[in-house]
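Each remark here refers to the structure printed beneath this line.
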Number of protein chains: 2
Amino acid sequence: MVKIADVAREANVSVATVSRVLNKKGSVRPETCERVYKAIEKLSFEPNMSARNLRRNETRVILIVAPNITNPYYAHILAGVGDEARKSGYSALIYNTGGDEEREKNGMDMLKKRRADGAILLASNLDSMWLSEYADKYPIVHCSEYVKGLDIPRVSIDNYKATLEVMEYIISLGHKKIATISSSNSYISTLLRLKGYKDTLERHGIKVRKDYIALADAEYSFKSGKAAAFKLLQQKDRPTAIFCISDTIALGAITAAKEMGLRVPEDLTVTGFDDVDYTTMFHPYITTVAQPCYDLGRKSFKILHACMNKTNDIEKKVVLPHKFIIRESSAPISICD
Amino acid sequence: MVKIADVAREANVSVATVSRVLNKKGSVRPETCERVYKAIEKLSFEPNMSARNLRRNETRVILIVAPNITNPYYAHILAGVGDEARKSGYSALIYNTGGDEEREKNGMDMLKKRRADGAILLASNLDSMWLSEYADKYPIVHCSEYVKGLDIPRVSIDNYKATLEVMEYIISLGHKKIATISSSNSYISTLLRLKGYKDTLERHGIKVRKDYIALADAEYSFKSGKAAAFKLLQQKDRPTAIFCISDTIALGAITAAKEMGLRVPEDLTVTGFDDVDYTTMFHPYITTVAQPCYDLGRKSFKILHACMNKTNDIEKKVVLPHKFIIRESSAPISICD
DNA sequence: ATTCGGAATGTAATCCATTACATTTGCTTG
DNA sequence: CAAGCAAATGTAATGGATTACATTCCGAAT
């Protein structure tokens, strides 16, 4: 293991000088500098990060706590965080929780142990008050989901407003019997989307029916979406439109509808949310709300970076623009209905 | 920052004893042990990893070098590596290369800098001989792709054999005009799948036609798969079956076929590869080769772990079983043809 | 009672880069 | 030419956990 002392000996200078060259701090004569570089090159020296981290009390590593990196939605955010982090010389440690809060806490202990300088949380439950304890001591940023009432910086889209747009659109198509497939998880986005659904119906004088609200599982799985859709569509007074809170669920709904002999969008309008890759991989292309996942990730890192550097003006609430995209899975209610 | 000395003072013992308790090494009287635990609890002490890493000359971090974590195939492997690593007390640093070899090298420098103890490479080009330089010095494992001729442990399926199975099946359906959509990348799997395609045709006395071999882009994008399929299908003497080297490409091919008014599988048989999530999210469900992604990841970590511990009997070539799954996108050649 | 041995605990060196502080070098200026 | 000052470089302390080696303690054996 080549260390700084070896380089110093080789270059005939002191370790301090080598360090100065390494960090471009303090003044060093150009020729000395050159000698040091030569020595570094010759011995192919690479500074030991553990030693540097110990001394500097930082790791240049950030932690990303995600429930499931297999989900393309999270994967895209991850990619954004990772790319932005790399640009600033940071590496990303990924901690997959599988939605388990206990594992989420274990992940956060990485901060205590100084394995990472800060964390980006991708999917905290809206009532995870225990987070405040960590937030007081370490730089933390919420991305996409967040805990209400905690003073932790967050980046997300406006889920409520996006839902209003979708719902207004569905209603403008003439639909009155509008169902929703929500989820059993406790994310703020789930809550806001459900609220947006209910509020729009009420504003239009349409009664919110309990039997028009179905739940998919916490991970928005295709299977559970399909099952929820079956439940909704098998009722005697079946809905003509389903507002799904994720694309995978929408996909499940479309599949369920097809298997029941219903055509989408002719017999049933289905909308999704997030706009993951496969919304346009087959017909009908899904009408959905596109989230700027990659940018959510990038912005989250930028804010975390600011927090870690103790910059003063830290943005506490960043809302990135979404995009409502009308495609093929939605259509005016058919006249024969 | 609470350190080991503070705990020692609080518990009225020396730092050595605290360390012994922490690492369960050496003998400590139970009651002393208890006192130390109490002190740790009281001060809520967490060992500083940088210091520990420096002393132990290890990081308990592994590096995963992936071309694109957004691709569900890689994401599943990642999940497997991550879960298995966590079980052994390791964390996973993810380095996204975007397929850029330069970035792959930068990633590997994490090893030199002691930021990670070992690395799992998910997508090395088959001719990346420069890797041997690293492999000599650091624990490295190849997962899914590998470099021919290098003595680096690897985990993968038998791409050649799997391809033979698919091809034999397609031929058994009566197809003679069989095309393939390969990729412009330089992965060993791409090579083997193409070779499997050609070899099977030849064994059956079917000439390999250049105009039946199309190329998708390096990332197997849906778009490029669709474009390649268009090219194949617009020929006067169009193929009746397409062997695609990835599911995304198969999806593109199916979409292209549909847009041209061809039915799958009645007019065209399409097969995929990998069995990612969305192969059964819509009809026709894709006939494909299922790879045990999660287990490929887990096994890769296990081997890396063995390497890092300098265990003697390290498995150099692990081949995990694949599964050929016949679904809806393939069918006997129609009689009217 | 004395000695021996192992368990229990302590002291101090070590890992390596950074940096405060000290020293030297070299130039400018009166 | 000496003083003064800045630039250049060096010395040694520092960060926190681990661990080789040293010491103390206590019971068993003689």
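Being a predicted model, the structure only gives us computed values, none of them experimental. Every chain is numbered from 1 and lettered A, B, ... according to where its sequence line falls, protein lines coming before strand lines.
Ranking dT18(D), dT9(C), dT11(D) by closeness to the A16(A) side chain, first place goes to dT11(D). Of all nucleotides listed (dT19(D), dC16(C), dT14(D)), dC16(C) comes nearest to the side chain of L54(B).
N53(B) comes within 4.0 angstrom of nothing in the nucleic acid, heavy atoms only. At a threshold of 4.0 angstrom between heavy atoms, the contacts of T32(A) are confined to the sugar-phosphate backbone, with no base atom among them. Across all strands shown, M1(B) has heavy atoms under 4.0 Å from sugar-phosphate atoms exclusively, and none from any base. Among the protein residues, V15(A) comes within range of the nucleic acid bases, having at least one heavy atom under 4.0 Å from a base atom. S27(A) comes within contact range of at least one nucleobase, with a heavy-atom separation under 4.0 Å. Among the protein residues, S19(B) comes within range of the nucleic acid bases, having at least one heavy atom under 4.0 Å from a base atom.
Checking E104(B) against T97(B) by side-chain atom types alone, no donor-acceptor pair falls below 3.5 Å. Side chains of N106(A) and Y95(A): a donor-acceptor N/O pair is absent below 3.5 angstrom, by distance only.
The shortest distance between the side-chain N/O atoms of K25(B) and the OP1/OP2 oxygens of dT18(D) is not below 4.0 Å. Within the 4.0 Å cut-off from OP1 or OP2 of dT11(D), not a single side-chain nitrogen or oxygen of S14(A) is found. Note on R56(A): a side-chain N or O is less than 4.0 Å away from OP1 or OP2 of dT18(C). Contact annotation: T17(B) does not reach the phosphate of dT9(C) (side-chain N/O to OP1 or OP2, under 4.0 Å). An OP1 or OP2 oxygen of dT14(C) is reached within less than 4.0 angstrom by no side-chain nitrogen or oxygen of R55(B).
The CD atom of E31(A) sits 13 Å away from the C1' atom of dT25(C) (whole-angstrom rounding). Atom CE in M49(A) sits roughly 19 Å away from atom C1' in dG16(D) (whole-Å rounding). Following rounding to the nearest Å, R20(B) (CZ) and dT19(D) (P) show an atom-to-atom distance of 11 Å. Taking atom CG of N23(B) as the reference point, atom C1' of dG16(D) lies 13 Å away to the nearest angstrom. Between K24(A) atom NZ and dA8(D) atom C1' there is a gap of 18 Å when expressed in whole angstrom units. Distance, N12(A) CG to dA8(D) C1': 15 Å, rounded to whole Å. Rounded to an integer number of Å, the gap from CZ of F45(B) to C1' of dT18(D) is 12 Å. The interatomic distance linking L22(A) (CG) with dT19(C) (P) rounds to 11 Å, in whole Å.
Looking at heavy atoms from C-beta onward, T70(B) lies in side-chain contact with D277(A) at the 4.5 angstrom threshold.
A salt bridge is absent between D83(B) and R298(B): the closest approach of a Lys/Arg side-chain nitrogen to an acidic carboxylate oxygen does not fall below 4.0 angstrom. Classification of K3(A) and D6(A) as a salt-bridged pair fails, no side-chain N sitting under 4.0 Å from a carboxylate O.
If you find the closest nucleotide of DNA chain C to R29(A) and to A5(A), the one lying nearer the 5' end belongs to A5(A). Mapped onto DNA chain C by nearest heavy atom, A51(B) and P30(B) fall at different nucleotides, with P30(B) at the one closer to the 5' end. Comparing R35(A) and K3(B) against DNA chain D, the residue whose closest nucleotide sits nearer the 5' end is R35(A).
Ring-plane geometry between F301(A) and H305(A) is classed as parallel, the angle between the planes falling under 30 degrees on a 0 to 90 degree scale with a further cut at 60.
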